[in-house]
Every structure is written in structure tokens, then in C-alpha cells.
There are 2 protein chains.
Amino acid sequence: MSLRYALIALLTGRPMTGYDISKSFSRSVAHVWHAPDSQIYPELNRMERDGLLTSVEVPWGKKGTKKEYHVTDAGLADFREWMGSPLAPQRQRDPAYLKAAYFDFAEPASVREQLRQQQAYWEEQLSLLEGTRAALVDRTHPTLAARLSKLTGREAELAVRYKVYAYDGLIARARTELAWIADGFALVDELHDS
Amino acid sequence: MSLRYALIALLTGRPMTGYDISKSFSRSVAHVWHAPDSQIYPELNRMERDGLLTSVEVPWGKKGTKKEYHVTDAGLADFREWMGSPLAPQRQRDPAYLKAAYFDFAEPASVREQLRQQQAYWEEQLSLLEGTRAALVDRTHPTLAARLSKLTGREAELAVRYKVYAYDGLIARARTELAWIADGFALVDELHDS
DNA sequence: ACAAACTAACTATCGATATAGTGAGATGGC
DNA sequence: GCCATCTCACTATATCGATAGTTAGTTTGT
């Protein structure tokens, strides 16, 4: 159900086509929520059917058209209701922790290799997150900038601060993962090198 | 696919019935991997069909029987192969961060309430995780104890240390969430109280 | 002039996951 | 003796999500 609200959140910034949305989801939105095309397009249709979005046909080139989705008042009301309601507790389901608990079933060399891959992944994530955070702080982030242009100074301040807050959480999480991975290297050395 | 390996991992400790497994999944295993009955029973059947598990009918009371699942050599080989292969990078999909980024759409009172709920959830998780970690360290954890009885001193040491390592990661993650939530309270106060 | 790359909007298929049940036998407390 | 609760093994239904396509028009570089 959260995909629906991720879509409304994104479209409060500016109207977008399914294609624009798909691109956003494979770039910055992916830090917060990942979704493939095969979920996005059907969900947009359902949301239009449910009256949360309306679409406007916009010409594209000579013959082509594209569909630009706009959030309706009903959509905004639905979003605000979701924003005001409590979240269901999240279920744990992270294969990295499952694997780590059973590292004694793998070769030390393989464990080190897997730790290196996880480390590379989280370092890249961290650098992407820090880049996005900086773009939010100086208000050059494109989706945020579009939204800010419609807000008062006070409202803009809130919008920016909460987004930076969310990214600070993601950055802290990435750093925690990296620290855990570093501990993993130390543990493998201790258990298999001495 | 990870459910399959979570099941083999659990059954390397001791043979279990589907019911035992279901109970384990709603208790300690849930820290690492959550799954409902409707996934567990069909997956056990598929795994038996694929030769990763065998089941033994065991009498239960006067008339009843129960099915005890044992890991086969093929199952263990499959598990070791998975343990030695790299993990696909994990996709971000956490509604708490999505929501936090748009807290400006909710009432401050509602934001505080949601932060309190998240805080209560993570504090409870943290205390469960710390309890389980302690039980691993002193080797009183039932599933671990069953497995240790089949291992040499050296092997047991590895099994315990890696499990403790996994829990240390989960504990660090819970603490990071709690620190982020505390920052959330401070931010709401700053933005709406002054 | 033409090809490569990009924009646009999907669909098909399959496995994963959630929610919510069913129904039968077993056991413990009073 | 019987009732509540636990053990056991499922099933039904629906949605979520991943992977991998398809089809068509547009823009850009050479």
C-alpha cells in the first residue's frame, strides 16, 4: 500500500508522466522506496480509477501524446490521512543477517569476499545519500525545488528540514551497516587467522 | 528464496515439525526472518519434493502423528552453496523513512504520537535482541544448544561467535533507529514549539 | 540518411508475502 | 467429565514485487 503514497508524495512536487515517475524511482526515490515499472503503471491506473489522480493528455512531438498525472483533492486527503495514521511494525527480513548468523558454514575466504561486496554496496549508497542530502540542504534537488516554488518560506523550511531528517536517518543506517561490516572483517581475522 | 535457507539453517540445529518451525518463526527466528504459516508449510513440501528435506512420521499421543523434517545431504550442500554465493543488493522499502520525509503533511501532535509508537516498538525489539544475545553467549538458547551438542569445541566456538555477531548487528541497527527517533522528537520541538 | 539512444507506456509471468481462515487430535485444570 | 488451550497441518484468496519482455514515436549525432 505504501507505493500508492510514495507516488502521491512524488506528484505533490509536480505533475509527472508514468515515464518521469519511473525514472525518478530508479534514481533518488529509490533511496526511500524501490518499485519496478510493472508496479508503477498498474498502480497509477488504479489510483486514477479510485479518483486519487487525474491524467491530462499532453502532446509530445508531432504525433505522440503523453499522460501527465496530477494529484486530486481526494488524493491529497488520502495522503494526509495516511500521514496521520500509525505505521504497522516492520517485519525483519534481511538475508545479510541470516547469512552472517551462519558464516561458520562458509569458507573464510568467501566470507571476506561477501563482506567486501557488502562494504562496496553500502559505501556507494552512503555517497549517493550524502550527495542527495547536500542537494536538499542547498535546495538544488530538482523534485524538491519544484515543490518549494509553491510554498511559503515557513512551509518550505518544514519541507526541507523533514526531508533532510529522513536522509540523516538513511545515512546513519548506512554508517551502522559499514561499522558492522568492519567488525565482521575483524571477527573473521580473529577466528581464522590466529 | 531466502526462506528456504532460513528453514535449512533452523533444521541444522535439530529436526522439527512444521508446527515447531512455525513457533520458532514467531519467536526468535523472527528477529532475523519473518514468515507466516502460509509460506512455511508449502515451502517445506516443495523442499521435500526437491530432496532438500526428508520427513519422518512420528507418533503423537494415541492416534495422532506428526511429520518431523530432517535436512538431507543435498539440502546441506545447497545451503553451503548459498552461504558461499554473493547476496543481491537489498532494495530500500521502509515506510517509516518515506513518511518521515513528508512529516510536514501531518499534524505535529500526530508526528509525536507516531514517533512514540516507533520508539516503543524499537525499544521492545532491542530488549528482545539483547535477551537473545545473552542466551547465545551463555549457550542457553534452546536451538543453539541443540546444535552445539553435535559440534566440536572449535566448531561450537565459531557457531556461537557468528550468531552473536549477527545479533550485534541487529542491536546496533535498533540503537540507530532509536537515536534517529530521538532526533525526530527534537526536530518537531524545534520546528513547532518555538 | 540513417542508426543509436531516449522517451513513452505498457504487459506477461511467476514467485513472495499477508491476512485470515479450517479442522482434528491432545492435554491440563478444576 | 468437560472446557479451554495447545499442538498439528494445513488452505484460500489476494496483493506485492521481480524479471523480463513488447511496441511505438522522438531526438541526436554523424
Side-chain angles (χ1 to χ4, degrees), chain A residues 1-7 11 15-27 29-30 32-50 53-69 82 87-95 98, chain B residues 1-7 11 15-27 29-30 32-50 52-53 55-69 82 87-95 98:
Chain A
M1 239 336 65
S2 293
L3 172 59
R4 168 161 296 204
Y5 299 108
L7 289 169
L11 291 171
M16 285 179 159
T17 64
Y19 185 81
D20 293 334
I21 292 170
S22 166
K23 292 304 139 190
S24 292
F25 266 78
S26 63
R27 294 184 190 116
V29 182
V32 178
W33 199 266
H34 163 83
D37 284 9
S38 60
Q39 269 189 281
I40 293 170
Y41 284 105
E43 185 64 25
L44 287 171
N45 285 326
R46 274 191 296 270
M47 289 168 76
E48 189 176 8
R49 186 201 63 202
D50 294 348
L53 303 178
T54 47
S55 64
V56 179
E57 293 267 338
V58 173
W60 169 59
K62 290 169 215 133
K63 294 188 282 178
T65 58
K66 53 185 185 175
K67 254 159 90 181
E68 208 174 54
Y69 287 97
W82 180 72
L87 269 184
Q90 34 232 300
R91 312 313 182 103
Q92 278 295 343
R93 207 178 277 123
D94 188 335
L98 172 58
Chain B
M1 242 331 70
S2 293
L3 172 59
R4 169 163 294 206
Y5 299 109
L7 289 169
L11 290 172
M16 286 179 159
T17 65
Y19 185 79
D20 292 335
I21 292 169
S22 165
K23 292 304 140 191
S24 292
F25 265 79
S26 62
R27 294 186 189 116
V29 182
V32 178
W33 201 267
H34 164 82
D37 283 9
S38 61
Q39 266 189 283
I40 293 170
Y41 283 105
E43 186 63 25
L44 287 171
N45 285 326
R46 273 192 296 270
M47 290 168 75
E48 189 176 7
R49 187 201 62 202
D50 295 348
L52 307 179
L53 304 178
S55 65
V56 178
E57 293 270 335
V58 173
W60 168 59
K62 287 168 219 136
K63 292 189 284 176
T65 58
K66 53 186 184 175
K67 254 159 90 181
E68 209 174 53
Y69 287 97
W82 179 73
L87 269 183
Q90 36 231 302
R91 269 63 197 288
Q92 279 295 344
R93 207 176 279 123
D94 187 336
L98 172 58

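Proteins get letters first, then strands, A, B, ... in listed order; numbering begins at 1 in each.
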Original post:
Do D20(B) and K66(B) sit within salt-bridge range, that is, some charged N less than 4.0 Å from a carboxylate O?
Top reply: no
Original post:
Rounding to a whole Å, what distance do you find between K67(B):NZ and dC8(D):C1'?
Top reply: 11 Å
Subject >> For atom CD of E57(A) and atom P of dG25(D), their distance in whole Å >> reply: 15 Å
Subject >> Verdict with supporting geometry, M16(B) and L44(B), side-chain contact (heavy atoms from CB on, under 4.5 Å) >> reply: CA-CA 11 Å; M16(B) 286 179 159; L44(B) 287 171; over 6 Å; no
**OP:** Figure out the CZ/P separation between F25(B) and dT17(C), and round it to whole Å.
**Re:** 11 Å
Subject >> Length of the line joining D20(A):CG and dT7(C):P, which is rounded to integer Å >> reply: 9 Å
Original post:
Do W33(A) and P95(B) touch side chain to side chain, with heavy atoms closer than 4.5 Å?
Top reply: yes
**OP:** Would you check if R4(B) and D50(B) make a side-chain contact, meaning some heavy-atom pair closer than 4.5 Å?
**Re:** yes
**OP:** Could you check whether K23(A) gets within reach of a base, just the sugar-phosphate, or nothing at all, counting any heavy atom under 4.0 Å?
**Re:** nothing
Original post:
Looking at the side chain of T17(A), which of dA8(C), dA9(D), dC10(C) is the nearest nucleotide?
Top reply: dA8(C)
**OP:** List the protein contact pattern of nucleotides 11-24 of chain D with one symbol per nucleotide (5' to 3'): B for base contact, S for sugar-phosphate-only contact, - for none; contact means a heavy-atom distance under 4.0 Å.
**Re:** BB---SBBB-----
**OP:** Specify the separation, in whole Å, of atom OH of Y19(A) and atom C1' of dC10(C).
**Re:** 13 Å
**OP:** Provide, to the nearest angstrom, the distance between the CD atom belonging to Q92(A) and the C1' atom belonging to dT17(C).
**Re:** 16 Å
Original post:
Taking NZ from K66(B) and C1' from dG25(C), how many angstroms apart are they, rounded to a whole number?
Top reply: 13 Å
**OP:** Can you sort out the partners of Y5(A) under ring-ring contact (aromatic ring centres under 6.0 Å, His included), two or more places apart, ordered by chain and number?
**Re:** W82(A)
Subject >> Nearest-Å distance for atom pair CD/C1', residues E68(B) and dC8(D) >> reply: 13 Å
Subject >> Results of side-chain hydrogen bond (donor to acceptor under 3.5 Å, both in side chains) for S55(B) - residues two or more places apart only >> reply: E48(B)
